[in-house]
Asker: 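Below is one structure. I have some questions about it.
Being a predicted model, the structure only gives us computed values, none of them experimental. Basis for what follows: all heavy atoms, side chains included, without hydrogens, waters or symmetry-related copies.
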Amino acid sequence: MNLLSKEYFSLQEICSIWSVSKEDLLYYGENGILEISVRPAAIAAGLETGGCGRKLEDIRNEGKRQHFSPQPLLPTDIYRIMKAGHEGVLVYHTKYRFDEQISDIIETRGIWLSFEDLVVTRNEKRCFEINNGMHLDGRQIEAFRHSGDFREVYFDNRRYQFGAMQARIISLLYEASRTEMPWVHGKTLLNQAGSESLRVAALFRGNLGWQELVFSDRRGYYRLKLPLRHIVPVSQQMQLPFAI
């Protein structure tokens, strides 16, 4: 049976897959080792009950048009939610502001979240497994490595190759991933790279692999999919498994 790949997993599923306890996940989440998110349905439900005085039907209609994705939460809120269990708590912030209007609603009225609303995205699950050297399906996942000019990248037993301008974009996203602000607007990336392209996607046209390494929020911002902790330090780059 060919089922669609899941974009996120409940914490119950993660506990089963990794053979860890809820307390283990709490430790990983509150210490920033694992990025735990809120599921899209909980965000939509929060909008319906937090309309800031606007008509409920208007919020519902906006929710239908809005393409939600799991949103990472702050470690302090992860602790509060997991300790409250099934009872739930009010949360007023997500880790990143993903939409000004929706973020304003959440920050003004809050959204009610419980343990069942927490998920781990497929990309974060993969990153955690890489960082901890976990063996899946009889193989060990390799870490993210790159050549000095970023024209070659090696990740999860796959080799990615980029043109000079594309490599500059990957390099800029790598530098951003080392900061507290990993998201970079596409226009900023193109300007800093010296590209005349109008869109990042246009610059990477024909290179199918780039979307496996770069995440778009569909509102103009991009980030490297891997958190800093999963990137090999520069001092170890000479150990790349392919010729530079």
Asker: Considering residues at least two apart in sequence or located in another chain, which fulfil the side-chain contact (heavy atoms from CB on, under 4.5 Å) criterion with Tyr92?
Answerer: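 Applying side-chain contact (heavy atoms from CB on, under 4.5 Å) to Tyr92 gives Leu90.
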Asker: Does the Asn31 side chain pair with the main chain of Ile33, one donor and one acceptor, at a distance under 3.5 Å?
Answerer: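 Looks like no, no N/O pair under 3.5 Å.
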Asker: Checking Arg168 side chain against Ala193 main chain: does a donor-acceptor pair fall under 3.5 Å?
Answerer: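 Confirmed, Arg168 side chain pairs with Ala193 backbone.
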Asker: To the nearest 0.5 Å, what is the distance between CD1 (Ile81) and CG (Leu73)?
Answerer: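 Rounded to the nearest 0.5 Å, the CD1-CG separation comes out at 5.0 Å.
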Asker: Got a list of side-chain donor-acceptor pairs under 3.5 Å for residues 114-121, not counting sequence neighbours?
Answerer:
unit_1, atom_1, unit_2, atom_2, d
Ser114, OG, Glu116, OE1, 3.0
Glu116, OE2, His86, ND1, 2.3
Asp117, OD2, Ser114, N, 2.9
Thr121, OG1, Glu124, N, 3.1

Asker: Return a table of donor-acceptor pairs under 3.5 angstrom between the side chains of residues 200-207 and protein atoms on other chains or two or more places apart.
Answerer:
unit_1, atom_1, unit_2, atom_2, d
Asn207, OD1, Gly209, N, 3.3
Asn207, ND2, Gln161, O, 3.0
Asn207, ND2, Gln166, OE1, 3.3

Asker: Output, in order, the C-alpha distance, side-chain angles, deciding distance and verdict of side chain to side chain contact (heavy atoms under 4.5 Å, CB included) for Ile14 and Lys125.
Answerer: CA-CA 8 Å; Ile14 293 296; Lys125 172 179 174 292; 4.0 Å; yes
Asker: Output the distance between atom CZ (Arg151) and atom NE2 (His146), rounded to the nearest 0.5 Å.
Answerer: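 So the gap between those two atoms works out to 15.5 Å.
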Asker: Report the distance from atom CZ of Arg122 to atom OH of Tyr8, rounding to the nearest 0.5 Å.
Answerer: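 That separation rounds to 12.5 Å.
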Asker: Using the test side-chain contact (heavy atoms from CB on, under 4.5 Å), find all partners of Lys187 that sit at least two apart in sequence or belong to another chain.
Answerer: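 By the side-chain contact (heavy atoms from CB on, under 4.5 Å) rule, Lys187 matches His185.
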Asker: Work out which heavy atom in Ile17 is nearest to a heavy atom in Phe9; give both atom names and the distance.
Answerer: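 Minimum heavy-atom separation between Ile17 and Phe9: CD1-CD2, 4.2 Å.
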Asker: Could you tell me whether the side chain of Trp183 reaches within less than 4.5 Å of the side chain of Tyr222, counting heavy atoms only?
Answerer: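 Side chain of Tyr222 against side chain of Trp183, heavy atoms only: no contact under 4.5 Å found.
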Asker: ring-ring contact (aromatic ring centres under 6.0 Å, His included) with Tyr28: which residues, sequence neighbours excluded?
Answerer: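 Tyr28 satisfies ring-ring contact (aromatic ring centres under 6.0 Å, His included) with Phe128 once adjacent residues are dropped.
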Asker: Going by atom types alone, do Ser177 and Glu175 pair a side-chain donor with an acceptor below 3.5 Å?
Answerer: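 Note: Ser177 and Glu175 side chains miss the donor-acceptor criterion.
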Asker: Is there a continuous path of hydrophobic side-chain contacts, each under 4.5 Å between heavy atoms, that joins Leu74 to Leu34?
Answerer: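 Different hydrophobic clusters.
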Asker: Just wondering, do Ser21 and Cys15 contact through their side chains at under 4.5 Å, heavy atoms?
Answerer: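 Cys15 vs Ser21: side chains apart.
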Asker: Would a distance-only check, ignoring hydrogens and angles, find a side-chain to backbone donor-acceptor pair under 3.5 Å from Ser195 to Ser197?
Answerer: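 Yes: the side chain of Ser195 pairs with the backbone of Ser197.
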Asker: How many angstroms lie between atom CZ of Arg80 and atom CG of Leu113, to the nearest 0.5 angstrom?
Answerer: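 Arg80 CZ to Leu113 CG: 9.0 Å, rounded to 0.5 Å.
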Asker: What residues, two or more places apart in sequence or in another chain, satisfy side-chain contact (heavy atoms from CB on, under 4.5 Å) together with Leu26?
Answerer: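 Expected list: Glu23, Glu30, Tyr79, Met82, Lys83.
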Asker: Should Tyr221 and Phe215 count as side-chain neighbours, where that means a heavy-atom distance under 4.5 Å?
Answerer: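 Contact flag for Tyr221/Phe215 side chains = no.
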Asker: With the 4.5 Å side-chain cut-off for hydrophobic clustering, are Met165 and Leu172 part of the same group?
Answerer: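 In one cluster with Met165: Leu172, yes.
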Asker: If every non-hydrogen atom of Glu87 is compared with every non-hydrogen atom of Trp112, which pair is closest and at what distance?
Answerer: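 Taking every non-hydrogen atom into account, O-NE1, 3.1 Å.
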Asker: Might you point out which heavy atoms bring Leu224 and Tyr174 nearest each other, and give the distance in Å?
Answerer: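 So the minimum-distance heavy-atom pair works out to CD2-CA, 4.2 Å.
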Asker: Let me confirm one number: the CD1-CG distance from Ile169 to Leu189, rounded to the nearest 0.5 Å.
Answerer: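 Atom-to-atom, Ile169:CD1 and Leu189:CG are 5.0 Å apart.
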Asker: Begin from the C-alpha positions of Glu35 and Lys95 and carry the test salt bridge (Lys or Arg N to Asp or Glu O under 4.0 Å) through to its verdict.
Answerer: CA-CA 10 Å; Glu35 193 171 72; Lys95 190 174 182 179; 3.1 Å; yes
Asker: Give, for atom CG of Leu213 and atom CZ of Arg223, the distance between the pair rounded to the nearest 0.5 Å.
Answerer: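 Here the interatomic distance stands at 12.5 Å.
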Asker: How close do Ser69 and Ile43 get, heavy atom to heavy atom, and via which atoms?
Answerer: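 Answer, listing the atom of Ser69 first, then Ile43: O-CD1, 3.7 Å.
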Asker: Verify the distance criterion only: is there a donor paired with an acceptor across the side chains of Asn191 and Thr188 at less than 3.5 Å?
Answerer: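 No pair is found: no donor N or O on one side chain lies under 3.5 Å from an acceptor on the other.
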Asker: Does this structure show an ion pair linking Glu13 with Lys6, if we count only N-O contacts that are shorter than 4.0 Å?
Answerer: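 So Glu13 pairs with Lys6 through a salt bridge.
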Asker: Determine the minimum heavy-atom distance between Ala167 and Asp149, stating which atoms define it.
Answerer: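 Looking at all heavy atoms of both residues, the shortest contact is CB-O, 3.4 Å.
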Asker: Got a donor-acceptor contact below 3.5 angstrom from the Asp24 side chain to the Val20 backbone?
Answerer: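 No; judged by distance alone, with no hydrogens or angles, the pair does not exist.
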Asker: Between the side chain of Glu152 and the main-chain N/O of Phe150, is any donor-acceptor distance below 3.5 Å?
Answerer: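 Judged by distance alone, no pair lies under 3.5 Å.
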Asker: At their closest point, which heavy atom of Ile36 faces which heavy atom of Gly29, and how far apart are they?
Answerer: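 Smallest interatomic distance, heavy atoms only, reads CD1-CA, 4.0 Å.
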